[in-house]
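Heads up: the structure comes next, in structure tokens.
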Amino acid sequence: MFNLILFGPPGSGKGTQSEKLIAKYGLNHLSTGDLLRSEIAAKTPLGLEAKNIMDKGQLVPDEVVIGMISSALDANPTAKGFLFDGFPRTGAQAQALDNLLELKEASINVMLALDVSEKELVKRLLKRGETSGRSDDTNEHVIRARITEYHNKTAIVAEYYRQFNKVVLIKGEGSVDDIFAALSKEIDERNKE
Ligand code: AP5
């Protein structure tokens with residue numbers, strides 16, 4: 001099993017690169033943001049609760065996202081590996097993920113962390129907000145709140161994996177194809193069967 005965390009602040013290109021990486025490597029894509037937006041679209045109680053929090057640019061509670069990831073792992077017992085996008089986002093989520101993978105005699109192979117300046121993040125997200133329909137993209141105040149949550153609660157997750165020597169920083173500005181090539185190179189070096 002090859003398990004990869006694609007890490008980075010809001011707007012750093014995690015979703016864009018995930019689509020290309022899962023197509024190339026046949027990994028299961030687990031995006032907690034996408035899972036939460038599916039709950040919102042289905043108007044489930046969890047989705048309604050999450051929407052209020054997401055619209056403010058804050059993180060939803062750990063137990064909610066950990067539960068979603070646990071179910072998704074159990075639902076895909078024959079997966080050749082997972083690409084985690086937008087998860088883990090807190091130290092507690094990282095610890096929970098390690099525990100869940102250990103139960104499957106697996107672990108995180110590498111965290112690829114996209115590095116993008118705050119100015120570029122805000123520019124990308126405001127631009128996407130013109131057409132995406134994502135309510136957390138339309139307002140610069142909310143975009144900046146998401147970035148602040150990242151600095152306050154999520155950036156430390158990279159420190160957690162750094163102690164196991166699993167973090168590689170990737171320049172996240174430039175063409176989508178160049179960034180994809182840099183990510184692929186790191187995966188190829190570690191995913192030799
Ligand atoms: P989530 O859905 O995870 O959103 P995010 O982290 O804010 O990330 P985005 O999807 O906005 O950006 P991205 O890095 O995927 O970049 P993308 O490829 O889309 O989370 C949303 C909310 O859900 C959170 O705020 C939180 O409330 C909640 N949540 C989710 N997971 C959670 C968790 N684990 N715990 C607690 N709460 C959680 O690209 C962005 C834009 O840039 C696009 O328009 C794209 O076309 C463009 N772009 C991409 N690459 C490039 C490039 N190289 N050059 C120019 N433009 C580019």
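On a predicted model such as this, the values are computed, not experimentally measured, just so you know. Whatever order the structure lists ligands and atoms in, that order sets their numbers, starting from 1. Quick note: numbers below take in every heavy atom, side chains included, and nothing from hydrogens, waters or symmetry partners.
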task = Any chance you could pull the hydrophobic cluster mates of I170, using side-chain heavy atoms under 4.5 angstrom and chaining through other members?
result = F2, L4, L6, L21, I22, Y25, L27, L83, V110, L112, L114, V168, I179, F180, L183, I187
message = Going by side chain to side chain donor-acceptor pair (under 3.5 Å), name the residues that satisfy it together with E173, two or more places apart in sequence or in a different chain.
response = S117
request  = Spell out, as yes or no, whether a donor-acceptor pair under 3.5 Å connects the side chain of T32 to the backbone of V65.
outcome  = no
Test: D34 and R37 ion pair at under 4.0 Å = yes
note = The complete set of salt bridge (Lys or Arg N to Asp or Glu O under 4.0 Å) pairs with one or both residues in residues 139-153, sequence neighbours excluded, reads E118-R144, D136-R146, D137-R146, E140-R144, E149-K153
query = Listing by chain and number, which residues have a heavy atom under 4.0 Å from ligand 1?
reply = P9, P10, G11, S12, G13, K14, G15, T16, T32, G33, L36, R37, M54, Q58, L59, V60, V65, G86, F87, R89, Q93, R124, L125, R128, R134, D136, R146, G174, V176, I179
inquiry  = Would the distance check show the side chain of Q17 and the main-chain N or O of V176 forming a donor-acceptor pair, the cut-off being under 3.5 Å?
reply    = yes
